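Encoded as structure tokens, the structure appears first; notes follow it.
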There are 2 protein chains.
Amino acid sequence: MAIELRHLRYFVVVAQEGHITRAAERLGMQQPPLSQQIKALEHQLDVQLFRRKARGVELTEAGRTFLADALSVLACVDEAVEAARRTASGKQGRLGIGLPPSGPFHPFVPRMIRRFRETYPLVSVSMEECLRAELVDGLRAGTLDVAFIRASIAPPEGLDVHLLMDEPMVAALPAAHALARPGPRAGALPLERLAAETFIVYARLQGPALYEATLAACSKAGFSPRLGQEAPRIISALSLVASGIGVTLVPASMQRMTMDGVVFRPLRGPSQPKAFLSIAARRDGYSAAVRHFVAMVRRAAQDEVRSY
Amino acid sequence: MAIELRHLRYFVVVAQEGHITRAAERLGMQQPPLSQQIKALEHQLDVQLFRRKARGVELTEAGRTFLADALSVLACVDEAVEAARRTASGKQGRLGIGLPPSGPFHPFVPRMIRRFRETYPLVSVSMEECLRAELVDGLRAGTLDVAFIRASIAPPEGLDVHLLMDEPMVAALPAAHALARPGPRAGALPLERLAAETFIVYARLQGPALYEATLAACSKAGFSPRLGQEAPRIISALSLVASGIGVTLVPASMQRMTMDGVVFRPLRGPSQPKAFLSIAARRDGYSAAVRHFVAMVRRAAQDEVRSY
DNA sequence: TGAATCCCAGACGCGCGGCATATGGCAATA
DNA sequence: TATTGCCATATGCCGCGCGTCTGGGATTCA
């Protein structure tokens, strides 16, 4: 036989009452079995917990220390039960969110994370910014629970991907460039005007979505872009633009990041390229917190009307 | 039915094995009852802890959090058992030691406390210095577990008092007093030489032991002392001596406290008064730590040969 | 595609253990 | 000394946890 919680529950009541008979009453049982259980507990511990007096029982020194511990054990069990329930309902747990390099600049992304943290304060949220391929691997390996990705559909098996919204892409030009100076028609720029430029491409292998959007738009505009240096991510591409090496197209939300030497200009015309934002998670990801996050993000995306 | 430790023990093994059949093996039982118990636990929690797969079972998110809590609960129970055993054996607990005002000056007292703390480091020792009557009340009320007192026998009912040792009393004289100057026979002083002095008495009501020892010695020396001002404790009596108001007799160990304006001189002759040091505890004090302390002190006292 | 394997879940019966009833013993109170 | 209050022991019952047997679903071979 071993110590069971029943022993602790009985012991606590007897200790509080100082009286086996009254404790039995409170426990809804008879006195003899309660006496037996207390005796069995003492035998298990090999420690006398009570001194039997003529009128009731009295805790020994060891009984007093054991009472404190027993109370805390019982409280811990209750807390563990509640924690499990909270976790099952998604109110508690961990949520690892993956972001593409451009994610933090899209106002929708940090807003959603903030809203989730406010709604589920017991879920500890961690964020990791990495390249597209790492996001997918992370989701598969379980190091990430959910990720924003720059794609319109679901390429990888085992993942659920939902398109959230799209946004126009804008041209990023060196500040010294002729088209960068706001002329008489300072509005949108037809993509054809960039036919002669050198295009800096980024994330071609890891996350080809934006790369392909750029190529498709150019071809639609009637030219095949001259490709220049390749950059691993948007930020590095923009710093190449700043040094005058070429131009590139980026999601409109990147305009929030003002960068010395870089000027953004919106594009117009039928060839307007678009950048997509999606949310991805494991298809068999059972975490309720993940489900809540995905649902919250999708609902919010539907409510958005304006695009960036 | 309620959750029992058995459920947690089973759950932990199943979670670790990821396999009900193997877990049952490790638990020395068959698979079906183990499946039942896990299911019963899940039903109690109203939370699914495992996902049943083709090859074994897999913890859910809620199961993972519950596993951590279950492990800590089981560890807490083990620790509680050990703590109770340590307390029962006196290796752990609290020990409130009472000291008379002269206690800290007797080298034996702090030495014993230090030795006890080294021998039983898990027992948290607290000390309180107070008057004799407060010591007795504290022992009775349970605010003190054990006390050193200045008496040779047990006056109060319900307490066990053991005489530890005695020590001679010495005269405390104002520095300006004629007998304070070390003359040609600078050794011990016959008590009769103080017959004409004013005696400062202390702790007459609260702890009459030393007061009575003084009177008895004087009467044995053939005179009845003229009593001066009364002081609540030895220290205050000595400060009265320092201001020249009178003389008093104190335990020899008090000489360790050198005080400006006070000179100590040993006494000699058949009327040599003695101060006693005893250890007292409740007779029905069941605390093993108390028993250890009393035993240690008594043993050490027997080993002492010299007196202070 | 069918057989084999693996593993969890349900059905059923048994035996242990926890509980209730009845009773004894001890100490405090009158 | 009688009475009361309370814990401990004795005994029988019943529920429940466990073992055995069996079924069903998924994966892995041939």
Side-chain angles (χ1 to χ4, degrees), chain A residues 1-60 62-63 67 70 74 157-158 283-284 286, chain B residues 1-60 62-63 67 70 74 157-158 283-284 286:
Chain A
M1 193 194 49
I3 296 177
E4 291 296 339
L5 288 182
R6 172 180 29 118
H7 294 121
L8 302 189
R9 292 189 253 262
Y10 290 174
F11 167 72
V12 165
V13 176
V14 172
Q16 286 172 346
E17 293 287 336
H19 216 76
I20 296 190
T21 307
R22 271 207 300 274
E25 232 168 278
R26 235 179 78 185
L27 288 165
M29 64 190 293
Q30 296 300 316
Q31 168 263 320
L34 184 54
S35 286
Q36 284 180 0
Q37 292 296 314
I38 295 296
K39 183 167 278 291
L41 176 60
E42 289 179 326
H43 188 258
Q44 278 297 310
L45 298 176
D46 198 25
V47 162
Q48 192 182 350
L49 297 171
F50 294 102
R51 244 184 321 278
R52 275 68 173 174
K53 314 275 276 198
R55 293 274 185 268
V57 295
E58 186 181 82
L59 279 174
T60 61
L67 173 61
L74 293 174
E157 198 48 51
R283 180 158 299 151
D284 62 347
Y286 300 92
Chain B
M1 194 194 50
I3 296 178
E4 290 297 337
L5 287 182
R6 167 175 37 94
H7 294 120
L8 302 189
R9 291 190 253 260
Y10 290 173
F11 166 72
V12 165
V13 176
V14 172
Q16 287 172 347
E17 293 287 334
H19 216 74
I20 296 192
T21 307
R22 271 208 300 275
E25 234 168 276
R26 236 180 77 186
L27 287 165
M29 64 189 295
Q30 297 299 316
Q31 168 264 318
L34 183 54
S35 285
Q36 284 180 0
Q37 293 296 313
I38 296 296
K39 183 165 279 290
L41 176 60
E42 289 179 326
H43 188 258
Q44 278 297 309
L45 298 176
D46 198 25
V47 162
Q48 192 181 350
L49 297 172
F50 294 103
R51 248 185 314 281
R52 274 70 173 175
K53 314 275 277 198
R55 293 273 186 269
V57 295
E58 187 181 80
L59 278 174
T60 61
L67 174 61
L74 292 174
E157 198 50 51
R283 179 159 299 150
D284 61 348
Y286 300 93

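In the text below, chain A, chain B and the rest are named by the order of the sequence lines, each starting its count at 1. Quantities reported herein were computed from a predicted structural model and do not represent experimental measurements.
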Phosphate OP1/OP2 of C:dC7 contacted by B:Arg52 side-chain N/O (<4.0 Å): no

Short side-chain N/O contact from B:Ser35 to OP1 or OP2 of C:dA9, under 4.0 Å: yes

So, for [X] and [Y], which heavy atoms are closest and what is the spacing to 0.1 Å?
X: B:Ala70; Y: B:Phe11; result: CB-CD2, 4.2 Å
X: A:Arg51; Y: A:Thr60; result: NH1-CG2, 3.6 Å
X: B:Leu74; Y: B:Leu5; result: CD2-CD2, 4.1 Å

A:Ser35 side chain near A:Gln31 side chain, heavy-atom distance below 4.5 Å: yes

With rounding to the nearest 0.5 angstrom, report the [atom1] to [atom2] distance, [X] to [Y].
X: B:Ile20; Y: B:Gln37; atom1: CD1; atom2: CD; value: 11.5 Å
X: A:Glu25; Y: A:Leu34; atom1: CD; atom2: CG; value: 11.5 Å
X: B:Leu59; Y: A:Tyr286; atom1: CG; atom2: OH; value: 13.5 Å

How long is the line joining [atom1] of [X] and [atom2] of [N], in whole Å?
X: A:Leu27; N: C:dG18; atom1: CG; atom2: P; answer: 15 Å
X: B:Glu58; N: D:dA26; atom1: CD; atom2: P; answer: 16 Å
X: A:Met29; N: C:dG17; atom1: CE; atom2: C1'; answer: 13 Å
X: A:Lys39; N: D:dC7; atom1: NZ; atom2: P; answer: 13 Å
X: A:Leu34; N: D:dC7; atom1: CG; atom2: P; answer: 9 Å

Shortest side-chain distance from B:Met1, nucleotide among C:dG18, D:dG17, C:dC8: D:dG17

Nearest-neighbour nucleotide for the B:Gln36 side chain, C:dC8, C:dC12, D:dC7 considered: C:dC12

Cut-off 3.5 Å, no hydrogens considered: what does the side-chain donor-acceptor table look like for residues 42-50 of chain A, sequence neighbours left out?
| unit_1 | atom_1 | unit_2 | atom_2 | d |
| --- | --- | --- | --- | --- |
| A:Glu42 | OE1 | A:Arg52 | NH1 | 3.3 |
| A:Glu42 | OE1 | A:Arg52 | NH2 | 3.2 |
| A:Glu42 | OE2 | A:Leu49 | N | 2.8 |
| A:Glu42 | OE2 | A:Phe50 | N | 3.1 |
| A:Glu42 | OE2 | A:Arg52 | NH1 | 3.1 |
| A:Gln44 | NE2 | A:Met1 | O | 3.4 |
| A:Gln48 | NE2 | A:Phe50 | O | 2.8 |

Only pairs under 3.5 Å count here: list side-chain donor-acceptor contacts from residues 12-19 of chain B, not counting sequence neighbours, and write none if there are none.
| unit_1 | atom_1 | unit_2 | atom_2 | d |
| --- | --- | --- | --- | --- |
| B:Gln16 | OE1 | B:Arg26 | NH2 | 3.2 |
| B:Glu17 | OE1 | B:Arg22 | NE | 3.3 |
| B:Glu17 | OE2 | B:Arg26 | NH1 | 2.8 |

Of residues 3-26 of chain A, the positions that come close to DNA chain D - non-hydrogen atoms, cut-off under 4.0 Å: A:His19, A:Ile20, A:Thr21

Positions of residues 41-51 of chain A (non-hydrogen atom under 4.0 Å from DNA chain D), listed by number: none

Show me the protein contacts with nucleotides 21-29 of chain C, counting only N or O atoms at under 3.5 Å.
none

Partner set under salt bridge (Lys or Arg N to Asp or Glu O under 4.0 Å) for B:Arg9, not counting sequence neighbours: A:Glu4

Sugar-phosphate, base or nothing in reach of B:Lys53, heavy atoms under 4.0 Å: nothing

